[in-house]
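Take a look at the structure set out below.
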Amino acid sequence: MKIGTPKEVFGGENRVAMTPDSAKQLQKLGYECAIESRAGAGAGFSDAAYEAAGVEVIKTAAALWKEVDIVAKVRQPDATELKRLTKDKTLISFFNPAGNEEGMEAAKAKGANVIAMEMVPRISRAQKMDALSSMANIAGYRAVIEAGNNFGRFFTGQVTAAGKVPPAKVLVVGAGVAGLAAIGTSTSLGAITLAFDVRPEVAEQVESMGAEFVYLDFEEEGTDGAATGGYASVQSDEFREAQLAKFRELAPEVDIVITTALIPNREAPELWTKDMVEAMKPGSVIVDLAAEKGGNCKLTVMDEKIVTENGVTIIGYTDFPSRMAAQSSSLYATNIRHMMADLTPEKDGQIVHDMEDDVIRGATVTFEGDITFPPPPPKVQAIAAKPKEVVPELTPEEKRAQEIAAFKQQTKQQVALLGGGGALLLLVGLVAPASFMQHFIVFVLACFVGFQVIWGVAHSLHTPLMAVTNAISSIIILGALMQIGSGSFLVILLAALSVFMAGINIFGGFLVTRRMLAMFQKS
């Protein structure tokens, strides 16, 4: 079968769904590859580069659509492209099935199979085909670069001969794929980065990237996004008021705001209000990645950059991935190639459209003359929800009572062990000769010391250094114990000193290690 990529007809779109590198991989799956002339020019891929990779270059879109069996695109097909579909063709592209009922009806009437790349389920096995995440990653990165281009100062702080330059302060609202990419880029450039998200489980990810997570003084049961495929869910009015109050507090302090909050198939929530914009310093920048759905800032104008009366620049571009067309095309073409690999299990250049496969079924919106959207939920949950265990916090008095009870229990066990061991030695001494008892007592003491030095110690204290020094000290103690029964006073004295100093080494080592570990504990 032959897979082809036409030139994108959407205005200003520079991406392409096939690169020379991805074409080579598709050929290994058994496919012939074709591309419309100059389809990759906007992303920096020439027709000569495709020909060198073994791709057939076809002059017109009509000829390409007629010749190929599988069409791989980036943007949603327009009416002309939908008319070119036939029963024996498969279309793979972004399709927006939730808002493109006419397109689905047209594909159904033609009998074509359509795979929508934005419908790839968010499960672990499908991450390599997750085109939404690939594009969001680029959008988050580009948003910071765009903000820096419109921001009149450095991101990082500097101390120069001309004076001290404070670092920029960046707030990222929404810590999804785009938000995390923006956080990583911002911290790499040296800015003080703050981040907020309604999902509490992302706080650890944010902090691990060197940013500070913004917490709210608000008690509400949070959701982890498992039920919504990893996306944030709609919050209560009380939560929203607390959220807006926190943003109003931060507005005068931050220099750059990047908003990424978007729930699929919904209007973008308003998070940065007009009064917050008015409270920002002149020269500040807002980059609204939700501009396509109305924007998180209601002053945002879609596909435009505006400057407010108080000097705040608001950027509402919706084509960030297209502004980095070479990188976007490479990632998207890789997503397509992985989808084709799943559709070609035998690597024989023949599509096997397995509707029992979670990933293929989830992404398919029309199949053999039927509309299959919306898909059933995947058999594998998108994100495993952790069971929430509520552990009541103990008061200082209860903690002290627990510690005292544990100490008493340990003391009872030690006393019982020592008493039982002493009684056993006395019983053995009644029947055993003196020469045997001398060695037997040393053996018992060695076992007791070994148990106390090794078995009864917390695992965190078993460092390599402690293990070696304790082993050496234990050997010294055992040697000294064997000499304590000597008839010479000098030998007994030296043996006792050896036991004393080796004991100090062991127990002192434990104390020092405990103090070192305590330096790394939060409380």
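For reference, positions follow the sequence shown, starting with 1.
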Examine the side chains of [X] and [Y] and answer whether a donor and an acceptor come within less than 3.5 Å of each other.
X: Thr187; Y: Thr193; result: no
X: Arg38; Y: Ser46; result: no
X: Asn150; Y: Thr313; result: no
X: Asp21; Y: Thr19; result: no
X: Asp255; Y: Ser284; result: no

Note: [X]-[Y] ion pair, threshold 4.0 Å (strictly below):
X: Glu56; Y: Lys2; answer: yes
X: Asp130; Y: Arg125; answer: no
X: Lys246; Y: Glu249; answer: yes
X: Lys169; Y: Glu253; answer: yes
X: Lys73; Y: Glu8; answer: yes
X: Asp275; Y: Arg248; answer: yes
X: Arg240; Y: Glu238; answer: no

Are side-chain heavy atoms of [X] and [Y] found at a separation under 4.5 Å?
X: Ile314; Y: Thr308; answer: yes
X: Asp342; Y: Met129; answer: yes
X: Pro374; Y: Met119; answer: no
X: Lys110; Y: Thr86; answer: no
X: Val277; Y: Cys297; answer: yes
X: Trp65; Y: Pro6; answer: yes
X: Val9; Y: Glu81; answer: yes

Mark yes or no for whether [X], through its side chain, and [Y], through its backbone, hold a donor-acceptor pair below 3.5 Å.
X: Ser328; Y: Met324; value: yes
X: Ser322; Y: Asn14; value: yes
X: Glu346; Y: Asp348; value: no
X: Asp288; Y: Asn296; value: yes
X: Glu67; Y: Ala62; value: no
X: Lys7; Y: Ala41; value: no
X: Thr366; Y: Val114; value: yes
X: Ser329; Y: Ala325; value: yes
X: Arg361; Y: Thr372; value: yes

**Request:** Could you tell me if the ring centre of Phe196 sits under 6.0 Å from that of Phe247?
**Result:**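 Ring-ring flag for Phe196/Phe247: true, centres closer than 6.0 Å.
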**Request:** Return the minimal non-hydrogen interatomic distance between Gly176 and Asp197, and the atom names on each side.
**Result:**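 In terms of heavy atoms, the two residues are closest at N-OD2, 4.1 Å.
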**Asked** Please walk me through it: do Phe94 and Tyr332 pass ring pair (Phe, Tyr, Trp, His ring centres under 6.0 Å)?
**Response** CA-CA 11 Å; Phe94 284 112; Tyr332 183 70; 5.4 Å; yes
**Phe10 six-ring face occupied by Arg75 cation (under 6.0 Å, within 45°)** =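 Judged by the rule, Arg75 and Phe10 form a cation-pi pair.
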**Message:** Students often mix this up, so state it plainly: with edges at 30° and 60°, are the rings of Tyr317 and Phe320 parallel, tilted or perpendicular?
**Reply:**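 Judged by the thresholds at 30° and 60°, the geometry between Tyr317 and Phe320 is tilted.
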